[in-house]
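Before any comments, here is the structure.
All values below come from the heavy atoms of this structure, side chains included, with hydrogens, waters and symmetry mates left out.
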Amino acid sequence: MRFFLLALFLLPQALAFRLAFLGDFGAPTPGRAQVAAALRAYHAAHPLAALFTLGDNFYPWGEVVEAYLKDLPPVPLHPAFGNHDAPHLKDQLRRFQRERPYYRVGFPGLAVYVLYSEGALVQQRAWLEAELSREKAPLRLLLLHRPLYSSGLHGGSPTLRALFEPLLLAHGVPLVLAGHDHHYERLEAKGVTHVVSGGGGAWLRAPLRSLAYSRVRATAHHFLVLEVVGGGFRLTAWGADLKPLDVSGASP
């Protein structure tokens, strides 16, 4: 796979669908309301097929806040769950009608794997390995709350890297989306693009360092949109003002 910016990547006209991603959004801040409004405006102009969260859906302890959900675009919602969600994980699973906090969602030509970074990691590794081994979709995307790589306060998780990075490399997974650190960052490590998107509404924190893998960083509230067509994609980080923070992509 080849990664490059918008100036070098022209998405074919026959767009298949768009997915949005929102990390660390469920906090009582002006940023949350601004991002939710921006998402609704984006969806009105460019319809979304679905919305995924990247965890920390409700601060501080994961109690479901329906008002936050009503602010989002009226599209299918597929959540990942983070450390702030863990105390009320059962309530969130019931609200989102999920039997367990890790699962697969399929789209034409794309498989999205949602993991739960807060526990049962060995069990999830075995599940993901089996899923990827029989996966037919040409594009595979991994979502989880804690990032494998990050220049932020929490940083990347060595445990997650050790468990899951070999699977990403063995099965050609080109993109990993995570939250947890409250900024935007795109990193490229070992041929895989890692995006930290924790700017959905919680209090922002600037990156503390610049890793060698890091390509773009921004301390801003934002959301992500993945446009999928054929065997390629374009990923855009949109600020709350609906101006792009970063654009990246991959072609077959």
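For the pair Tyr68 and Pro28, the minimum side-chain heavy-atom distance is below 4.5 Å. At a threshold of 4.5 Å between non-hydrogen side-chain atoms, the residues Leu128 and Leu142 count as touching. By the 4.5 Å heavy-atom criterion applied to side chains, Leu235 and Asp246 are not counted as neighbours. Looking only at side-chain heavy atoms (C-beta outward), Leu177 and Leu175 come within less than 4.5 Å of each other. For the pair Arg100/Gln124, no side-chain contact is recorded, criterion being any heavy-atom separation below 4.5 Å from C-beta on. A heavy-atom distance below 4.5 Å is found between the side chains of Phe52 and Val105. A heavy-atom distance below 4.5 Å is not found between the side chains of Phe107 and Leu139. Between Phe21 and Leu141, the closest side-chain pair of non-hydrogen atoms falls below 4.5 Å.
Counting all heavy atoms, side chain and backbone alike, Ala80 lies closest to Asn57 at O-ND2, 3.0 Å. Across Pro174 and Phe233, no two heavy atoms sit closer than the pair CG-CE2, 4.1 Å. The two atoms that bring Ser214 and Ser210 nearest to each other are CB-OG, 4.4 Å, heavy atoms only. Considering every non-hydrogen atom in both Ala49 and Leu19, the closest pair reads CB-CD2, 4.0 Å. Between Pro147 and Leu160 the shortest heavy-atom distance is O-CD1, 4.3 Å. What you find for Thr219 and Ala206 is that their closest heavy atoms are OG1-CA, 3.4 Å.
Remark: Glu99 CD is loosely packed, at most 12 non-hydrogen atoms of other residues, nucleotides or ligands lying under 6.0 Å away.
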Show your reasoning for whether side-chain contact (heavy atoms from CB on, under 4.5 Å) applies to Leu39 and Trp238. CA-CA 9 Å; Leu39 256 174; Trp238 293 97; over 6 Å; no

Would Glu135 and Arg140 satisfy salt bridge (charged side-chain N to carboxylate O under 4.0 Å, His left out), going step by step from the backbone distance to the final call? CA-CA 9 Å; Glu135 183 59 65; Arg140 298 99 184 268; 5.7 Å; no

Could you walk me through whether Leu132 and Tyr113 pass the side-chain contact (heavy atoms from CB on, under 4.5 Å) check? CA-CA 9 Å; Leu132 288 173; Tyr113 290 96; 3.7 Å; yes

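Formation of a donor-acceptor pair under 3.5 Å by the Arg161 side chain with backbone atoms of Leu148 is found in this model. The backbone N or O of Val225 lies less than 3.5 Å from no partner atom in the side chain of Thr236, so there is not a single donor-acceptor pair. Here the side chain of Arg40 pairs a donor or acceptor atom with the backbone of Asp71 at under 3.5 angstrom. The backbone N or O of Leu153 sits less than 3.5 Å from a side-chain atom of Asp181, completing a donor-acceptor pair. Judged by distance alone, the side chain of His194 and the main-chain N or O of Glu188 form no donor-acceptor pair under 3.5 Å. Ser157 places no side-chain N or O within 3.5 Å of a backbone atom of Arg146 that could act as its donor or acceptor partner.
Interatomic distance, OH of Tyr149 versus NZ of Lys190, reported as 4.5 Å (0.5 Å rounding). To the nearest 0.5 Å, atom CG of residue Leu115 and atom CZ of residue Phe164 are 5.0 Å apart. Rounded to the nearest 0.5 Å, atoms CG (Leu204) and NE2 (His182) are 8.5 Å apart. Atom-to-atom distance recorded for Asp24:CG and Tyr59:OH is 3.5 Å, nearest 0.5 angstrom. Interatomic distance, CG of Leu54 versus CZ of Phe25, reported as 10.0 Å (0.5 Å rounding). Remark: Asp91 CG to Asp85 CG distance equals 11.0 Å, nearest 0.5 Å.
Qualifying side chain to side chain contact (heavy atoms under 4.5 Å, CB included) partners for Ala41, counting only residues two or more places apart in sequence or in other chains: Leu242. Contacts of His84 classified as side chain to side chain donor-acceptor pair (under 3.5 Å), with partners at least two apart in sequence or in another chain: none.
The aromatic rings of Tyr116 and Phe81 sit perpendicular to each other, their planes meeting at more than 60°, with 30° as the lower class boundary. Aromatic ring orientation, Phe58 versus Phe96: parallel (interplanar angle below 30°, classes split at 30° and 60°). Ring orientation note: the planes of His78 and Tyr103 are tilted relative to one another, at an angle of 30° to 60°.
Criterion: ILVMFWY side-chain heavy atoms under 4.5 Å apart, direct or through other members. Under it, Leu163 and Val192 are part of a common hydrophobic cluster. Residues Val228 and Leu143 share a hydrophobic cluster, clusters being chains of Ile/Leu/Val/Met/Phe/Trp/Tyr side chains in contact below 4.5 Å. Connection of Leu77 to Leu110 is not established within any shared hydrophobic cluster, with ILVMFWY side chains joined at heavy-atom distances below 4.5 Å, either directly or through further cluster members. Using a 4.5 Å cut-off between side-chain heavy atoms of Ile, Leu, Val, Met, Phe, Trp and Tyr, with links allowed through other members, Leu22 and Val65 fall into the same hydrophobic cluster. In the hydrophobic clustering of this structure, Tyr102 does not group with Leu93; members are Ile, Leu, Val, Met, Phe, Trp, Tyr whose side-chain heavy atoms approach within less than 4.5 Å, directly or through other members.
Side-chain atoms of Arg95 and His88 form no donor-acceptor pair, as typed in the model, at a separation below 3.5 Å. Side-chain polar atoms of Asp56 and His180 form no donor-acceptor pair below 3.5 angstrom.
Each of His183, Glu185, Arg209 was compared with Ser151 under the side chain to side chain donor-acceptor pair (under 3.5 Å) criterion, and only Glu185 meets it.
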